[in-house]
Amino acid sequence: MTTPKNTSEIHLFNTQTRTVEPFKPIKDGEVGLYTCGPTVYHYAHIGNLRTYVFEDVLRRLFEASGYKVNHVMNITDVGHLESDADEGEDKIMLAAQREKKSPWEIARFFENAFFEDCQALNLKRPQTVCRATEHIAEMIEFVKELENKGIAYVVDGNVYYDTTKFPTYADFARLDLAHMQEHGRVEQDHRKRNPQDFVLWFSQSKYPNQIMKWESPWGIGFPGWHIECSAMASKYLGSQFDIHCGGIDHIFVHHTNEIAQSEGKFGHKWVNYWLHGEFLVLDQGKMSKSKGDTLTVSTLKEAGYDPIHFRYLCLTTHYRGQLRFSYESLEAARNAYETLHNKLDDWATSAAGAVSEADIRIAADYRTQFWGALSDDLNTPVALSVLWTCLRDDRLSDTAKQDFFTSTDAVLGLAGAVGTELTLTPQQQKLIEEREAARARKDWKRADEIRTALDEQGIVLKDRPTGTDWIVKKLKLSPNPSGLTHS
RNA sequence: GGCGCGGUACACAAGUGGUAAGGGAGAGGUCUGCAAAACCUUUAUACGUCGGUUCGAUUCCGACCCGCGCCUCCA
């Protein structure tokens with residue numbers, strides 16, 4: 001591990017206490033991080049992706065602060081229920097029928113698609129990615145133990161968690177159980193003893209033609225949704241770990257139930273810090289897969305944007321505030337990003353030599369502010385603002401700016417995605433040479449023709465005192481290659 | 001009905017009990033053969049409305065209006 005870039009103490013908003021707290025790891029210098037992963041029956045939409053961007057920034061901040069992060073993420077490839085229809089069905093099964101493929105093929109296909117999106121957004125891959133279907137045995141063990149402890153009960157082959165055995169059940173989500181509305185949309189399961197009880201294992205599937213089924217002590221069936229995270233998180237991170245993240249919608253059902261299961265089983269605190277990302281919303285409200293109005297990475301590409309522009313957009317809003325998505329905002333993010341991109345390109349030729357003493361002194365303030373903002377519950381908007389102010393401080397040399405940007409990018413992750421080399425075709429190279437000759441003899445007409453022609457191919461020429469340079473325009477490239485610039 | 005979040009310039013978005021970061025867009029300018037890029041200048045007497053506390057509130061308290069989320073699979 002190199003010298004940490006950040007030396008500020010990290011503070012995070014903990015949903016458990018609803019306050020910003022200083023972060024104290026269980027084990028010095030290490031962080032156990034569990035982030036709720038995707039349900040792979042569909043492409044991830046940009047709302048989902050926003051949460052993963054926030055989690056990626058969190059992880060990168062810890063790494064930049066010298067921590068060794070053990071990041072675990074689940075892949076939910078079974079077990080979620082379709083809610084809209086009264087007789088819900090397994091979502092993956094539905095998708096399988098739609099696509100005429102096996103559930104296993106569907107799950108794997110969308111899992112791969114998910115990681116391609118992640119790569120396009122420059123998200124670091126978790127050290128451990130675990131699939132629910134590969135941990136059925138662990139889940140069964142988990143449920144068995146809850147049953148042995150008398151916290152779970154069996155009715156007709158289904159296993160239910162008895163929430164009355166967990167007195168603090170309502171605390172995490174601050175529920176007022178007495179005043180909660182009876183929900184009429186989903187048929188009540190009369191096997192439950194209490195309304196809040198939830199299923200740990202289904203044997204009594206009400207869904208016809210269930211394909212994904214496993215044997216269990218209670219009958220052939222499949223696990224309840226929440227159990228996978230409890231079982232896998234504790235398998236890979238232990239019975240108590242540092243941080244658990246997810247979308248804000250998980251505070252109630254999912255995480256509340258995970259806590260009940262896990263603390264019920266272990267008999268002690270399970271997770272020290274809970275972090276939740278707010279939603280990305282459209283004018284009409286949030287996006288949801290069931291409404292069919294989802295925007296995906298592909299949608300953005302088709303509209304002429306690079307996924308990294310979306311990453312930039314995410315950073316302009318604090319993760320605990322809703323991100324009001326619009327193409328106007330994305331456009332603004334793209335323009336800002338392109339300016340950074342151009343600066344990067346310029347520095348490739350202008351930055352040289354060592355950073356001077358004066359540079360170091362001036363940049364020190366910016367570093368303090370930048371890392372201070374990120375350490376203060378991941379304030380990326382302020383961090384970006386510090387970055388811009390630094391990059392426009394004319395007291396600093398280009399070398400110092402390049403140096404500053406590079407160190408901040410360990411967390412922002414903006415430049416990493418443009419790393420792939422991109423070369424000119426021989427024809428393009430020849431055109432540039434021809435234009436140079438035309439310019440030398442002041443044949444401006446020919447020179448402009450060539451510039452226009454190259455521009456249409458996505459190559460923008462920059463005439464500099466030292467000669468003509470070029471840069472790949474990331475605008476309007478569709479479909480977009482992952483390699484974006486030569487610099 | 002219960003719980004929670006938010007309303008800041010043209011749009012986005014930080015922030016603070018003492019008078020509004022930053023990026024985008026618009027306008028003007030520098031540079032350039034022309035461009036592109038970059039840079040410079042400029043754009044909120046004002047932070048939903050009405051009260052209250054205070055020497056002083058956008059920032060604290062109360063009421064109200066509006067938008068959104070969760071309570072049901074959902075990032």
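Proteins get letters first, then strands, A, B, ... in listed order; numbering begins at 1 in each.
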With the sugar-phosphate defined as primed atoms, P, OP1 and OP2, and the base as all remaining atoms, what B/S/- string results for nucleotides 25-32 of chain B, 5' to 3', for protein heavy atoms under 4.0 Å? S-------

Rounded to whole Å, the CD1-P distance (Ile251(A) to rC5(B)) equals 10 Å

His250(A) NE2 to rC70(B) P, straight-line distance once rounded to whole Å: 11 Å

What do the steps show when you test Asp346(A) against Lys343(A) for salt bridge (charged side-chain N to carboxylate O under 4.0 Å, His left out), and what is the final call? CA-CA 5 Å; Asp346(A) 290 347; Lys343(A) 283 177 172 296; over 6 Å; no

So, Asp306(A) side chain and Ile308(A) main chain: donor-acceptor pair closer than 3.5 Å or not? yes

Near-parallel close stack of Trp388(A) and rG22(B) base (under 5.5 Å, under 30°): no

From the options rG24(B), rC68(B), rA14(B), select the nucleotide whose nearest atom is closest to the side chain of Ala336(A). rG24(B)

Side-chain N,O (Thr389(A)) to OP1/OP2 (rA21(B)) below 4.0 Å: no

If you check every side-chain atom of Arg451(A), which of rA35(B), rC70(B), rA13(B) has the closest atom? rA35(B)

Between rA11(B) and Arg324(A), is there an OP1 or OP2 to side-chain N/O distance shorter than 4.0 Å? no

Mind checking Arg446(A) for me? I need base, sugar-phosphate or nothing, with any heavy atom below 4.0 Å counting as a touch. nothing

Looking at Asn379(A), I'd like to know whether one of its side-chain N or O atoms comes within less than 4.0 Å of OP1 or OP2 on rG15(B). yes

Measuring from the side chain of Phe279(A) (C-beta onward, heavy atoms only), which nucleotide among rG69(B), rC73(B), rA13(B) has the closest atom? rG69(B)

Output yes when at least one side-chain N/O atom of Lys462(A) is less than 4.0 Å from OP1 or OP2 of rA38(B), else no. no

If you measure only the distance, is there a donor-acceptor pair under 3.5 Å linking the side chains of Asp463(A) and Thr468(A)? yes

Residue set satisfying ring-ring contact (aromatic ring centres under 6.0 Å, His included) with His255(A), at least two apart, ordered chain then number -> His244(A), His250(A), Trp274(A), His276(A)

When you get a sec, tell me which of rU72(B), rG24(B), rG22(B) is the closest nucleotide to the side chain of Thr339(A)? rG24(B)

Between rG22(B) atom P and Leu391(A) atom CG, what is the distance in whole Å? 13 Å

Any sub-3.5 Å donor-acceptor pair from Asp197(A)'s side-chain atoms to Lys192(A)'s backbone N or O? no

Are His135(A) and Tyr236(A) an aromatic pair, judged by ring center distance below 6.0 Å? yes

Could you check which of rA38(B), rG33(B), rG69(B) has an atom nearest any side-chain atom of Asp448(A)? rG33(B)

For a quick check of understanding: with a heavy-atom distance under 4.0 Å over all strands, which category does Asn342(A) fall into, base, sugar-phosphate or nothing? sugar-phosphate

Can you confirm if the aromatic rings of Tyr169(A) and Tyr161(A) lie within a centre distance of less than 6.0 Å? no

Checking Trp104(A), Tyr43(A), Tyr41(A) against Phe110(A) for ring-ring contact (aromatic ring centres under 6.0 Å, His included), the one that qualifies is Tyr43(A)

Please report the distance, rounded to the nearest Å, between CG in Leu384(A) and C1' in rG22(B). 8 Å

In whole angstroms, the gap separating P of rA75(B) from NE2 of His226(A) amounts to 13 Å

Ignoring backbone atoms, test whether Arg392(A) places a side-chain nitrogen or oxygen under 4.0 Å from the OP1 or OP2 oxygen of rC39(B). yes

Per Phe252(A) side chain, nearest of listed nucleotides rC70(B), rA21(B), rA36(B): rC70(B)

Please report the closest heavy-atom contact between Val53(A) and Leu123(A), naming both atoms and the distance. CA-CD2, 3.8 Å

Quick one: are the ring centres of Phe222(A) and Trp201(A) less than 6.0 Å apart? no

Distance in angstrom units between Leu323(A) CG and rC12(B) P, rounded: 11 Å

Spacing of Glu278(A) atom CD relative to rC68(B) atom C1', expressed in whole Å: 9 Å

For Arg334(A) and Glu331(A), run salt bridge (charged side-chain N to carboxylate O under 4.0 Å, His left out): C-alpha distance rounded to whole Å, both residues' side-chain angles, the deciding distance at 0.1 Å, then the answer. CA-CA 5 Å; Arg334(A) 164 162 75 189; Glu331(A) 182 77 22; 2.9 Å; yes

Can you identify which nucleotide, out of rG33(B), rA75(B), rA38(B), has its nearest atom closest to the Asp346(A) side chain? rA38(B)

Remember a base hit wins even if backbone is also touched, and classify Gly246(A) as base, sugar-phosphate or nothing at under 4.0 Å, heavy atoms. sugar-phosphate

In whole Å, I'd like the distance from the CD1 atom of Ile450(A) to the P atom of rA35(B). 19 Å

By the 4.0 Å heavy-atom rule, please label His276(A) as base, sugar-phosphate, or nothing. nothing

Give me the stems containing RNA chain B, sorted by first residue, counting only three or more consecutive Watson-Crick or G-U pairs with both distances under 3.5 Å; say none if there aren't any. B:1-7 with B:65-71, B:25-30 with B:38-43, B:48-52 with B:60-64

